[in-house]
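We use all heavy atoms of the structure for the numbers below, so side chains are in, but hydrogens, waters and symmetry mates are not. Chain letters run A, B, ... following the sequence lines, proteins first, then strands; residues in each count from 1.
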2 protein chains.
Amino acid sequence: MPDTQSPTRKRIVDAATRLFYAEGIGRVSVDAVAEEAGLTKRTLYYHFKSKDDLIAAYLDGRDQPNLRRMAGWFDAAEGGADRKVEAIFTNLARSARHPKWKGCGFLRTAAELASMPGHPAVKVGARHKLNFETWLAGALSDHGVGEPPALAREIVLLIDGCFSIMLIHRNPDYIEAAGRAAATLVRARISGSQV
Amino acid sequence: MPDTQSPTRKRIVDAATRLFYAEGIGRVSVDAVAEEAGLTKRTLYYHFKSKDDLIAAYLDGRDQPNLRRMAGWFDAAEGGADRKVEAIFTNLARSARHPKWKGCGFLRTAAELASMPGHPAVKVGARHKLNFETWLAGALSDHGVGEPPALAREIVLLIDGCFSIMLIHRNPDYIEAAGRAAATLVRARISGSQV
DNA sequence: TTAGGTATACCGACTAGTGAATATACACAA
DNA sequence: TTGTGTATATTCACTAGTCGGTATACCTAA
């Protein structure tokens, strides 16, 4: 039984992360991952029982880093909850301008696996998105905004809308627009009025 | 030179539409499309110069039907602009419950082609999404809502957010939540106040 | 000696795309 | 009416290469 902490396994996941994110899971062969990791396919199959297994491991490795990045942007921003939420979008727009940016790995993988809803990688993605939504609801609650769970969900929808539409238009203006919409939704709950 | 109106070509596009939407463009071979259309691969290649060409034709054929469907939902709904916008989401949630529903073909294709931003199919998708945004801005303008282009863009972001996140969670509650958020954004512009 | 880890070499199935031949239909001249 | 040429449309058989996955053997450290 392979060691789940082994440095070899980590090297494989790192290689898979680079390639899967850059090209998409369907366009990257197991051979290519093995080569990128500097070992043979047989070794890769010693550590992972299938390509599907490797895909799930790739996404699992992105869960915490992604969460920390988003939380960092929120925490670092000045101002009230509306400004902090908008800061997430501003920072997202900045990263999206980087030429290597290819959207959200979780969403892109789910899109590629749309015909296999029970795929383990989709489940990992669902857990990640739920983790984020839960964290955001808590953060909004800490800032005294009304209905944190409902608001967090609406913001999540705008964020994932950005990720998707950016892959079509490649125009960060959409992210800025989503940020303004999110701020509007936050303020609708700060004023307490049922707008 | 092949006839671009030929019934054979239409048969191929129809077959491609069924398979590409159900399985994703990367998981469907040209052989499979030819078989689904009831002809040989060589005939398919007489009508389309490449698989990429066929993918673009598939999406091109979905542009107008999709637009008409959305516009139909909007027009048929009772009430003000907020209710009409929310109706789009309610109907979307209803279709999403159908077992054959696999999200938005345009977004899924763009996600699969994230590493090829200039792909002809992505351009077709961009045109479609822009067509929809433009139509929605016009419809909102007809109902006297403020800042129709900005509002239309925000609603588009929520719709595409639904499409994406549904592929992960498979939970139509997200679509209902997006509908409420969209209605909130519309009302923020009906009251004219800068919420 | 034993077990974890790695390498070489291979499997059958499938991939996008093509060469060459042929079927069909219509135009026009004898 | 018949024969010939031409453009469109279709088929069979094939290429060269890639896919995920595996059988077998080897090496090294405990």
Please tabulate the protein-to-nucleotide N/O contacts below 3.5 Å involving nucleotides 27-30 of chain D, giving atom names and distances.
none

Shortest non-hydrogen contact between A/E133 and A/R153, atoms and distance
OE2-NE, 2.9 Å
Closest approach of B/I175 to B/A96 (non-hydrogen atoms, all atoms of both residues):
CD1-CB, 3.8 Å
Report yes if at least one side-chain N or O of B/H47 is closer than 4.0 Å to OP1 or OP2 of D/dT8; otherwise report no.
no
Ionic contact status for A/R18 with A/E36, cut-off 4.0 Å:
yes
Considering only NZ, NE, NH1 and NH2 on the basic side and carboxylate oxygens on the acidic side, decide whether B/D75 and B/K84 come within less than 4.0 Å.
no
A/F48 atom CZ is separated from C/dG5 atom P, nearest whole Å, by 13 Å
Does C/dG5 have OP1 or OP2 under 4.0 Å away from a side-chain N or O of A/T43?
no
Here the pair of heavy atoms bringing B/F74 nearest to B/I88 is CD1-CD1, 4.1 Å
Within the 4.0 Å limit for protein heavy atoms, which parts of nucleotides 12-19 of chain C are touched? Write it as a string from 5' to 3', B for base, S for sugar-phosphate only, - for none.
---SBBBB
For the student: nearest non-hydrogen atoms of A/G179 and A/E86, plus distance
O-CG, 3.7 Å
Result of checking B/R9, B/K123, B/R127 against B/D60 for salt bridge (Lys or Arg N to Asp or Glu O under 4.0 Å):
B/R127
For DNA chain C, the residues among residues 33-40 of chain A that have a non-hydrogen atom under 4.0 Å from it:
A/L39, A/T40
Whether A/R97 and A/E176 form a salt bridge (side-chain N of Lys/Arg under 4.0 Å from carboxylate O of Asp/Glu) is what I want to check.
yes
Approximate separation, where rounding is to 0.5 Å, of A/K51 NZ and A/S29 OG:
7.0 Å
Please determine whether a side-chain nitrogen or oxygen atom of A/Y46 lies at a distance below 4.0 Å from atom OP1 or OP2 of C/dT6.
no
Distance below 4.0 Å between B/T8 side-chain N/O and D/dT10 OP1 or OP2:
yes
Write down the atom of B/A81, the atom of B/H143, and the distance for their closest heavy-atom approach.
CB-CB, 4.0 Å
For residues B/K100 and B/Y21, report the shortest heavy-atom separation together with the two atoms involved.
O-CE2, 3.6 Å
Mind calculating the distance between CD1 (A/I12) and C1' (C/dG5) to the nearest angstrom?
11 Å
